[in-house]
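See below for the structure under consideration.
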Amino acid sequence: MKLLTHNMLTSKCLKGVTVGYPLGIVAKDIKVSEVDFNSEFIARIIPKLDWATLWKAAESIGHVGELPQTLIQDFETNEEFLKKVHHVLLEVEVINGDLLCPESGRKFPINDGIPNMLLNEDEV
Amino acid sequence: MSRRPEHLAPPELFYDETEARKYTQNSRMIDIQNQMCRRAIELLLLPENTTHLLLDIGCGSGLSGSVIKEYEHEWIGIDISSAMLGVALEREVGGDLILGDMGQGMPFKAGTFDGAISISALQWLCNADKNSHDPPKRLYKFFSTLFSCLSRSARAVFQFYPENSEQIELITTQATKAGFYGGVVVDFPNSTKAKKYFLVLMTGGATVLPRALSVNETDSVVPYASRREQMKKAKGKYLKNSKDWIIEKKERRRKQGKKVSEDSKYTGRRRCGRF
Ligand SMILES: C[S@@+](CC[C@H](N)C(=O)[O-])C[C@H]1O[C@@H](n2cnc3c(N)ncnc32)[C@H](O)[C@@H]1O
């Protein structure tokens with residue numbers, strides 16, 4: 001699971017959960033790999049991100065690097081900055097661990113990089 | 001006897017490791033999936049020359065995802081079969097993968113995706129695989145949560161294999177209830193082999209449905225309104241108490257989750273008077 005995906009994932013499908021965001025991360029294995037950099041895509045995705053969630057997620061798994069805690073103004077034209085965001089969003093992956101629902105504490109295991117969001121019948 | 005996979009077993013059991021591998025090695029299958037996926041992406045009408053974030057629903061082993069990558073878009077895929085996702089991992093398809101059931105809803109925050117595609121998966125949602133499954137409810141949950149995770153003016157395009165006109169009606173009714181409008185585009189409607197159904201769902205603005213592909217240019221776009229008439233035509237298709245009528249009725253009851261005796265060569269035949 002990339003942090004881009006984490007930034008979009010919620011547990012709101014759980015019965016009784018209203019927002020279900022952001023999910024906590026307990027990372028047991030992390031993989032960092034190289035992904036082609038597309039500055040246009042990163043610049044376009046930034047407004048859709050919850051920046052505080054991205055920063056906290058990266059920090060909680062020890063990969064925040066030089067990412068600033070608040071989003072900078074001129075991000076669209078700042079190539080260096082976009083590269084840092086690219087790295088955190090797409091190159092850092094949680095391979096094994098858990099996601100935690102902030103409201104119910106329900107764990108969603110991550111195996112082989114795939115979060116298991118399947119619910120039991122009594123949770124829908 | 002029906003040969004539709006969705007009648008044989010629930011998807012997470014049908015697409016086991018053997019099937020997942022078989023599926024992804026069949027080159028004829030790959031060609032067909034690729035072609036349908038290209039068409040689905042085309043129907044999304046995305047602004048050109050930019051990379052978009054797409055959702056692939058029922059992404060399976062990532063055949064459709066590889067096509068999304070060809071178009072240089074990023075994607076997140078969701079599927080209920082861990083075996084299919086396992087093959088996707090091996091193939092390094094480039095999208096991020098999630099194990100999930102579409103009928104339980106799309107677990108994403110509002111406005112996430114620039115578009116969604118789904119190739120050969122939607123018909124699975126029309127079945128009740130568990131006692132607790134209620135297809136209209138699951139379809140509604142799916143469409144309403146999909147609606148919210150799409151960005152404004154984004155579209156969702158589904159290539160699917162409807163079993164009959166009732167199933168199309170079931171699907172479009174729930175999609176409309178969830179806030180979408182749109183309709184079914186039928187490509188090559190006069191060819192048994194090439195005929196393909198695409199459900200095109202739109203979130204906003206009064207855009208017209210794209211034209212279907214056809215050899216002789218007959219219009220084959222079926223907007224919601226006229227489907228009722230189609231249904232009427234379809235109804236009474238079979239003579240009451242005929243074998244086909246009985247089979248259809250049994251199928252309907254099966255879909256409602258009722259207990260129905262199996263079809264056999266004796267179905268619809270007169271019993272001899274021995275009892
Ligand atoms: C025929 S395969 C298509 C896979 C891929 N889209 C492609 O074009 O190759 C259908 C897929 O739908 C998935 N599926 C069926 N029901 C589902 C559900 N309720 N939720 C998520 N995925 C489902 C199956 O697991 C399977 O991988």
Side-chain angles (χ1 to χ4, degrees), chain A residues 1-15 17-23 31 33 35-50 53-54 86 89-95 99 101 106 108-124, chain B residues 12 47 49-53 55 59 69 72-90 92 94-114 129-134 137-138 141-142 144-146 148-152 154:
Chain A
M1 183 199 65
K2 299 177 194 293
L3 292 189
L4 170 63
T5 304
H6 171 261
N7 208 272
M8 308 304 182
L9 264 185
T10 78
S11 55
K12 67 173 174 211
C13 295
L14 273 173
K15 191 160 81 183
V17 167
T18 48
V19 184
Y21 188 86
L23 300 173
K31 190 176 86 183
S33 45
V35 174
D36 288 342
F37 173 58
N38 176 343
S39 64
E40 181 264 345
F41 175 69
I42 301 295
R44 255 177 27 84
I45 203 87
I46 285 177
K48 287 192 188 183
L49 297 173
D50 186 302
T53 297
L54 178 67
H86 162 80
L89 272 186
L90 300 176
E91 298 192 322
V92 178
E93 272 179 87
V94 181
I95 302 297
L99 292 172
C101 167
R106 159 74 144 92
F108 297 95
I110 305 171
N111 298 307
D112 290 332
I114 303 178
N116 178 349
M117 303 304 290
L118 289 172
L119 307 179
N120 301 323
E121 281 178 62
D122 57 358
E123 292 174 320
V124 262
Chain B
E12 66 275 26
N49 300 323
T50 40
T51 302
H52 295 277
L53 181 62
L55 174 63
C59 62
K69 273 279 164 194
E72 303 192 349
H73 298 309
E74 294 290 332
W75 60 281
I76 295 177
I78 185 162
D79 201 284
I80 199 172
S81 154
S82 52
M84 288 293 261
L85 294 177
V87 175
L89 275 187
E90 278 173 27
E92 299 187 13
D96 224 6
L97 308 170
I98 293 167
L99 182 62
D101 175 359
M102 8 182 341
Q104 297 181 338
M106 293 291 101
F108 304 102
K109 76 175 187 204
T112 295
F113 298 101
D114 303 313
D129 290 320
K130 292 185 181 144
N131 281 337
S132 62
H133 281 187
D134 174 7
K137 264 199 196 145
R138 279 167 55 79
K141 177 93 188 185
F142 167 63
S144 55
T145 51
L146 173 66
S148 92
C149 76
L150 292 175
S151 62
R152 277 201 322 150

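Each chain gets a letter, A, B and so on, in the order its sequence line appears, and its residues count up from 1.
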Indicate yes or no for a side-chain donor-acceptor contact from [X] to the backbone of [Y] under 3.5 Å, with no hydrogens or angles considered.
{"X": "A:E93", "Y": "A:K2", "result": "no"}
{"X": "A:R44", "Y": "B:T51", "result": "yes"}
{"X": "B:D79", "Y": "B:S81", "result": "yes"}
{"X": "A:E123", "Y": "A:N120", "result": "yes"}

Region of [X] in contact with chain B, defined by heavy-atom distances below 4.5 Å:
{"X": "A:D50", "value": "both"}
{"X": "A:N111", "value": "neither"}
{"X": "A:N38", "value": "side chain"}
{"X": "A:L4", "value": "side chain"}
{"X": "A:L14", "value": "neither"}

Measure distances from [X] to the heavy atoms of chain A and classify the residue's part below 4.5 Å as side chain, backbone, both or neither.
{"X": "B:H52", "answer": "both"}
{"X": "B:L53", "answer": "both"}
{"X": "B:S148", "answer": "side chain"}
{"X": "B:E74", "answer": "side chain"}
{"X": "B:I98", "answer": "both"}

I'd like to know which of [options] tops the heavy-atom pair count under 4.5 Å against chain A.
{"options": "B:A110, B:P107, B:S132", "answer": "B:P107"}
{"options": "B:L89, B:D101, B:I78, B:L85", "answer": "B:L89"}
{"options": "B:G103, B:G100, B:S151", "answer": "B:G100"}

Close side-chain approach of [X] to [Y], heavy-atom, < 4.5 Å:
{"X": "A:M1", "Y": "B:D96", "answer": "yes"}
{"X": "A:K31", "Y": "A:V94", "answer": "no"}
{"X": "A:L49", "Y": "A:L89", "answer": "yes"}

Cation-pi, A:F108 ring and A:R106 (6.0 angstrom, 45 degrees): yes

Atom CG of A:D122 with >12 non-hydrogen neighbours under 6.0 angstrom: yes

Largest heavy-atom contact set with chain B, pairs under 4.5 Å, which of A:S11, A:G20, A:P115: A:P115

